[in-house]
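Below is one structure, written out as structure tokens; comments come after it.
Everything quoted here is computed from the prediction, not taken from an experiment.
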Amino acid sequence: APARVIAYKPSQLYFGWRLLYPTAVNCGEANTPAVSRMRRVLRARVPHWQFNLDPQAPPDAAQARASVGSGDSSISKRTILVQDRGQGNFRSVLNLPQLLAALQAEFPGMAVEVFGPDETAAEAVRKHGRAAVVVAAHGAGLANVIFCVNATVVEIHPYVGNGHAMGRHHVNICHAVTALVCGLSYIPVIAEDGTDFLPLHVPVGKVLRAVHDAIEGKVERFAFAHANALQLENKTKRS
């Protein structure tokens with residue numbers, strides 16, 4: 001049978017009975033109705049076994065439906081997922097190996113996975129759908145959190161914020177909006193260096209604390225006003 005989720009290729013022609021085309025918006029201005037609608041439609045059409053920890057051994061269908069639907073930790077809540085933007089790209093994480101090693105040492109009871117830039121749409125669904133925490137530098141890959149369930153998003157913002165038209169230390173909160181629309185928790189972290197167009201180093205200690213807070217349920221609901229606090233932290237570090 002054909003895959004339920006396919007990756008678009010510009011060289012191919014596609015036919016379908018229905019086309020969902022979200023309205024394009026400026027960076028930093030998430031379209032909340034479009035996000036909510038796409039989340040409902042896509043998750044409803046993905047086989048539940050996609051969220052199993054072992055893709056080669058799907059669980060019993062009834063068990064999978066009950067576990068994913070309830071957010072049960074036995075299937076959908078056992079991983080810490082770290083997004084890898086690749087090397088040499090905007091906001092790529094220069095100390096990714098150190099971050100992964102620290103997470104594995106700090107949380108030995110959880111699986112630490114990596115989602116790379118060349119993985120398939122099916123892998124995006126499966127890995128994000130079973131993650132308890134997603135750690136990622138700011139970027140388009142965070143759109144995949146629409147597949148998360150009862151998870152926490154830890155977003156790494158560059159030291160010099162993006163969206164310079166709104167101020168040198170502006171923090172782009174578009175993915176915070178996506179997380180909130182999806183009913184997820186959200187923790188922003190400022191990188192040690194980097195800009196919107198340069199790689200960065202992740203503050204490993206701060207990320208570990210954020211993941212601890214996420215797992216222990218200590219995350220307060222993110223408010224857009226918190227962006228001002230992030231901007232103040234940036235300015236303080238630079239002064």
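Looking at E155, its side chain never comes within 3.5 Å of a backbone N or O of H175 through a donor-acceptor pair. Formation of a donor-acceptor pair under 3.5 Å by the R85 side chain with backbone atoms of F90 is found in this model. Without hydrogens or angle criteria, Y186 side chain to V177 main chain gives no donor-acceptor distance under 3.5 Å. The backbone N or O of T120 lies less than 3.5 Å from no partner atom in the side chain of E123, so there is not a single donor-acceptor pair.
Contact annotation: the side chain of V189 approaches that of P203 to within less than 4.5 Å [non-hydrogen atoms, C-beta and beyond]. Two residues are said to be in side-chain contact when any heavy atoms from C-beta on lie closer than 4.5 Å; R126 and E119 fail this criterion. Considering only heavy atoms from C-beta on, H138 comes within 4.5 Å of C174 through its side chain. The closest side-chain heavy-atom distance from L81 to V133 is not below 4.5 Å.
Across all their heavy atoms, T79 and K127 have their closest contact at OG1-O, 4.4 Å. Contact detail for A214 and V219: the closest heavy-atom pair is CA-CG2, 3.6 Å. Contact between A105 and P108 at its shortest, heavy atoms only, is O-CD, 3.7 Å. Of all the heavy atoms in A151 and A131, the pair that sits closest is CB-O, 3.5 Å. Contact detail for S92 and G86: the closest heavy-atom pair is CB-O, 2.7 Å. Taking every heavy atom of both residues into account, V204 and A102 meet most closely at CG1-CB, 3.5 Å.
Distance check, rounded to the nearest 0.5 Å: CD1 of I187 to CD1 of I156 gives 10.0 Å. Remark: D213 CG to T152 OG1 distance equals 9.0 Å, nearest 0.5 Å. Here the CG atom belonging to L103 is positioned 10.0 Å from the CE atom belonging to M110, to the nearest 0.5 angstrom.
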> Can you check side-chain contact (heavy atoms from CB on, under 4.5 Å) on C148 and V134, steps first, answer last?
Replying inline: CA-CA 9 Å; C148 293; V134 176; 3.8 Å; yes

> Does the pair V93 and L200 meet the rule for a side-chain contact (heavy atoms from CB on, under 4.5 Å), with working shown?
Replying inline: CA-CA 5 Å; V93 178; L200 53 81; 4.2 Å; yes

>> Test side-chain contact (heavy atoms from CB on, under 4.5 Å) on F107 and H212; report intermediate values, then the result.
In response: CA-CA 9 Å; F107 305 98; H212 268 294; 3.6 Å; yes

>> side-chain contact (heavy atoms from CB on, under 4.5 Å) for D196 and R91? Distances and angles first, verdict last.
In response: CA-CA 6 Å; D196 191 27; R91 300 177 302 281; 2.4 Å; yes

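Residues N95 and H201 bring no donor and acceptor atom of their side chains to less than 3.5 Å of each other.
If you run side-chain contact (heavy atoms from CB on, under 4.5 Å) between L142 and each of N144, V145, I146, only V145 comes through.
A continuous path of Ile, Leu, Val, Met, Phe, Trp and Tyr side chains, each step under 4.5 Å between heavy atoms, connects L99 with L208, placing both in one hydrophobic cluster. Neither L94 nor V135 shares a network with the other; the hydrophobic side chains, linked directly or stepwise wherever heavy atoms of I, L, V, M, F, W or Y lie under 4.5 Å apart, form separate groups for each.
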